Structures are given as structure tokens and as C-alpha cells.
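First up is the structure itself, then whatever we jot down about it.
The shown structure was predicted, so the numbers you read here are calculated from the model rather than taken from an experiment. Because only heavy atoms are used, hydrogens play no part in the values below, and waters and symmetry mates are left out as well, while side chains stay in. So that the names make sense, note that chain A is the first sequence line, chain B the second, and so on, each numbered from 1.
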Number of protein chains: 2
Amino acid sequence: MRFPDANKSEAAPHIAGATREALIAAATTVFAERGFQDATIREICQLAGANVAAVNYHFGGKEDLYSEVVVAVKHTGAPPVHLQMGAEVPAAVRLEAHIRWLLGRLVCMGPVDPLGQIMGREMIQPTPALDRLIEEFFRPQSVWLEVVVRELIGPGLGDEVYARGVMSVISQVVFYKHCRPVLERMGPGYFPTAATFEAQVRHIVDFSLAGFHGMRLAAAANGPKPGAEGSDCPSRNH
Amino acid sequence: MRFPDANKSEAAPHIAGATREALIAAATTVFAERGFQDATIREICQLAGANVAAVNYHFGGKEDLYSEVVVAVKHTGAPPVHLQMGAEVPAAVRLEAHIRWLLGRLVCMGPVDPLGQIMGREMIQPTPALDRLIEEFFRPQSVWLEVVVRELIGPGLGDEVYARGVMSVISQVVFYKHCRPVLERMGPGYFPTAATFEAQVRHIVDFSLAGFHGMRLAAAANGPKPGAEGSDCPSRNH
DNA sequence: AGTTGTTTGAAACTTCTGTTTGACGAGTAT
DNA sequence: ATACTCGTCAAACAGAAGTTTCAAACAACT
């Protein structure tokens, strides 16, 4: 009835889970664009070509649908295959691979990257879904990167030093996700484009490698810190 | 009537703009905590001890109140007095002053800093208020910092190089604002405390200075770029 | 004291939105 | 064929929230 010109089978009910999938896809878009609160079931269902009752029927409610979206969105985009790389690959190469993957994921996936957008909102206004996101998505990357950073800076320093090195790298990348609206309004050239992407990656890699070098020198100047290993806490003085 | 034990003069209407100020104060808190959409006029008015009609009477509506809050929130917190520093102060000192000011503002102003919180939301979900925020708040800092960075890297490079240097610095600071919920969930030591604040500032300063050094070396290796000046656009290849 | 403009308060209004309901159609097993 | 289940749909329901209304209170001025 919604499309009088279409035959009735367009609303074929028994294409296993068709509307359910359509709802998840539509919800991913709408939640990413508007956020949980601003997103309306009616808009999601309209985009999915489904009835407003479909969300409650298939998921139980708006919040449950959101949880499904957050879980599903992890598997969108390029997978972090470079995390398989180990010590057989030079640390600088691993660093560059991670930066390229992360930056590409955050800035070059079309107008809005659902994962990045939803993550951004989760950070400003966390929901219970954030905890799963951290354990299944952020922490693996963080520990992998810390190994790389530890190799690049050199051994014998405190855990908090390596943690700061990791954050200095990540921050330069996620910056372009979190501050994109500002950068785009600041003028052309602030936000990376396809043409400037590689130069941007190079800059972050070089800047970080130089930063690690400086950290090693500073650590040497201040004297090596004993007992650096053996603590799970990256910071010892608080 | 809301406070039966207080005398009636507590609702004294003609303390010039009393309710208006109370509304702005309350709205700042509520908007920062909940965001524009989640914040309700009723909660703001209850916190301000005012009637729900007060917002529409004094401001015209919810959105206008939000605009007032965004404008007013710029003047909260420590003012950026260091922006007065010029070439008579070593560039490294100016850099450190800016980093210390910004980081202190973003991470050490109690549980929630209204400015940072609202800014964070504006970046994820911009409203018309963001444009004013950029022109009156971000851009002055950006141009000031670019002068410092230009001095630290050295002359003769492209505008986009200096812009990237600026962003590498800023990103390391705002990271702690935008990713605070994640860092706090990652474990102790990731998010700066009063005890680790100075060490954090030192790290960002040293890391950045070393990064600038690397940028200068890389530029020298690739050869100096002519015609770097004279363009307002920090990026030339897009 | 009376008038006037301003501010406040309680209630109602309107719209939006998540959810529920009951009916209908299609496939499937008995 | 009948009954049952599943999915869909239009409509209605219920609550929340922004806004409006109108009367009352107050201060300042005449």
C-alpha cells in the first residue's frame, strides 16, 4: 500500500530476516548521523522500508536495537589485519601500518563513518555499550601498539612512559575524527583529503618517530629508571 | 512554595536579571551534562528555581538559551593570558605555556568542565553556535600557535607543514578531553591526575619539540620548498 | 492611591515519539 | 481443510517535553 505501483510481493514477509537486516543497516546510518537520542524509530523504519512496530517486534525496543548496532558496527570497514604483524616486521613499519589503517578508517570512509561517529558519541556520552567496545576494540589495539612503541623508544623505562608514547600517536590520528567539523570550518587543507592523505600519514609517522627519539634522549638525560617492568599500571605516581 | 521554609522574598522577582542569570548558570550545567537534546527545560528551570515559562520569557526558547550558554561559556575558566606573549619569550616557553593552559583547562577543572563538554558535543554534532566558537575561540589560538610552531620548526616550509605541526600539538592535548571516558575505563594512569599533570605537560612539550626537530630534518632532506609563504591556505595540494 | 510595565506561576496545549494492539496475509504442519 | 505461527501493517495509546496562556504579584512612576 505504501507503493501502489509495486506488486504485493515487495513486502514479502518471509525472506528470512530481511527486515531485521534492513533495520540494522538503517539504524546504523541514523544512529551515526543523529545519535541515540535524536534518532527516531520512525525515521529508521522509513529508511528500512518497515513499519514502526518492526523495531519492537524484532529487537524489543530502541535501546536493544542500538546495542545490536554497536556490536555490528565493529565489523564494518577495513579489518586491522596489520595487528598480525610481529617482531619480524620493523617497528617503524608496523607503526606506519597502524597509523595508515586508523587514519584511513577515521577520515576516508565517505561522509560519515558509522563506527567512528558512534564511537565519538560514546566518548562524549558513554552508554553501557562503551565497555564492550573498549575491551573488544580499543584495548587489543592499545596493547599491540604499546609493544611497537616500546620497541621504538627502547627498553628500561617506566610503563607510564610507554603509555604516553602510545597516546601521543593515537591522539594525532583520532584528532581528525573528533575535530573534523572544526577542521573543515577552519579552512581548506586542515582536514585530510584523498590527495593529502599519504602526506598526512607520513607526517604523523615522522613526527612520532622523532618524538620517540626525543623521549629516549630525555630518559637518558634523566637517568634510566629501574623497576620499570613488572607493573600493570602504566602510571606509578598518583 | 517550592521552599516552604524560605521567606517569600527568595523569589524576589526584580533583582535585576536574577532569574535570567540563574537560568544561564543552570542551563550551562545541564547542557554540559546532558547535551542539547537530552537537556530538558523543566530540569534547567528546577535547578534555577524558576518556572518552566521563564526560559521562553527571557530567551524566547530552548535554542536561544543554548546560544547564550555557548557564548557565555567561553569566559569561564582560566583566560588564555599567555596569548599575549610574543617573540620576546622563547618559542619553547610559549609552547609549554599553551599546552599547560589547555591541558589544565580540559582535564583538571573538576568532574565536568562545561566549556570542554559543550565543545566536545559541538564537534560531534555541530550546531550553528560552533561557527562563533571557532572564530572567537579556536582560530585566535590556532594562529598564535602557528607562529610559535613556525619559529620552532624554522622558516621556508609550506603552510601545510606548519598547520600539521600545530595539529600534532593540539591533538595530543584535546585527546584527553575527547577520549576521557575511554582512558578512565582503560585503567589507572591513562588519564592525567593532579599528581601526573606536570609530567604529562612535560611529555607533550618534549615529544612535540622532538617532533618539530624531526620535521625540520625531514624538510631539509627533501629539500626546501620555495613559495611557501603568501598563501592563506595551509594545504596546497588538494 | 492608582496606573503601568515587568516578572512569575500554574495549568493547559501541542507536538513528537516509543510502544502496544488487534487485524490481516502467507506459509506450514496436522 | 483447519489451525497455528510468523511477519507486517495501520491505528491508537501514553508519556515526555517545548511552548503558550492568562491571571496574579511586584516595583516604579504619576
What is the distance, rounded to the nearest whole Å, between atom [atom1] of [X] and atom [atom2] of [N]?
X       : N      : atom1 : atom2 : answer
B/Asn51 : C/dA10 : CG    : P     : 6 Å
B/Gln46 : D/dA16 : CD    : C1'   : 15 Å
B/Ile41 : C/dA12 : CD1   : P     : 20 Å
A/Glu43 : C/dC16 : CD    : C1'   : 13 Å
A/Asp38 : D/dG18 : CG    : P     : 12 Å

Side-chain touch A/Phe207/B/Phe207, heavy atoms, less than 4.5 angstrom: yes
Stepwise side chain to side chain contact (heavy atoms under 4.5 Å, CB included) check, B/Val182 with B/Tyr190: CA-CA 9 Å; B/Val182 173; B/Tyr190 284 93; over 6 Å; no
Pair [X] + [Y], salt bridge at N-O below 4.0 Å:
X        : Y        : value
A/Arg100 : A/Glu198 : yes
A/Arg202 : A/Glu96  : yes
A/Arg180 : A/Glu184 : yes

Derivation and outcome, side chain to side chain contact (heavy atoms under 4.5 Å, CB included), residues A/Leu95 and A/Leu145: CA-CA 7 Å; A/Leu95 177 73; A/Leu145 189 55; 4.0 Å; yes
Listed nucleotide nearest any side-chain atom of A/Thr40, set D/dG18, D/dA10, C/dG18: C/dG18
Nearest listed nucleotide, side chain of A/Arg42, among C/dT19, C/dA12, C/dT7: C/dT19
Residues from residues 53-66 of chain B lying under 4.0 Å of DNA chain D - heavy atoms: B/Ala53, B/Asn56, B/Gly61, B/Lys62
side-chain N/O B/Thr19 vs C/dT8 OP1/OP2, d < 4.0 Å: yes
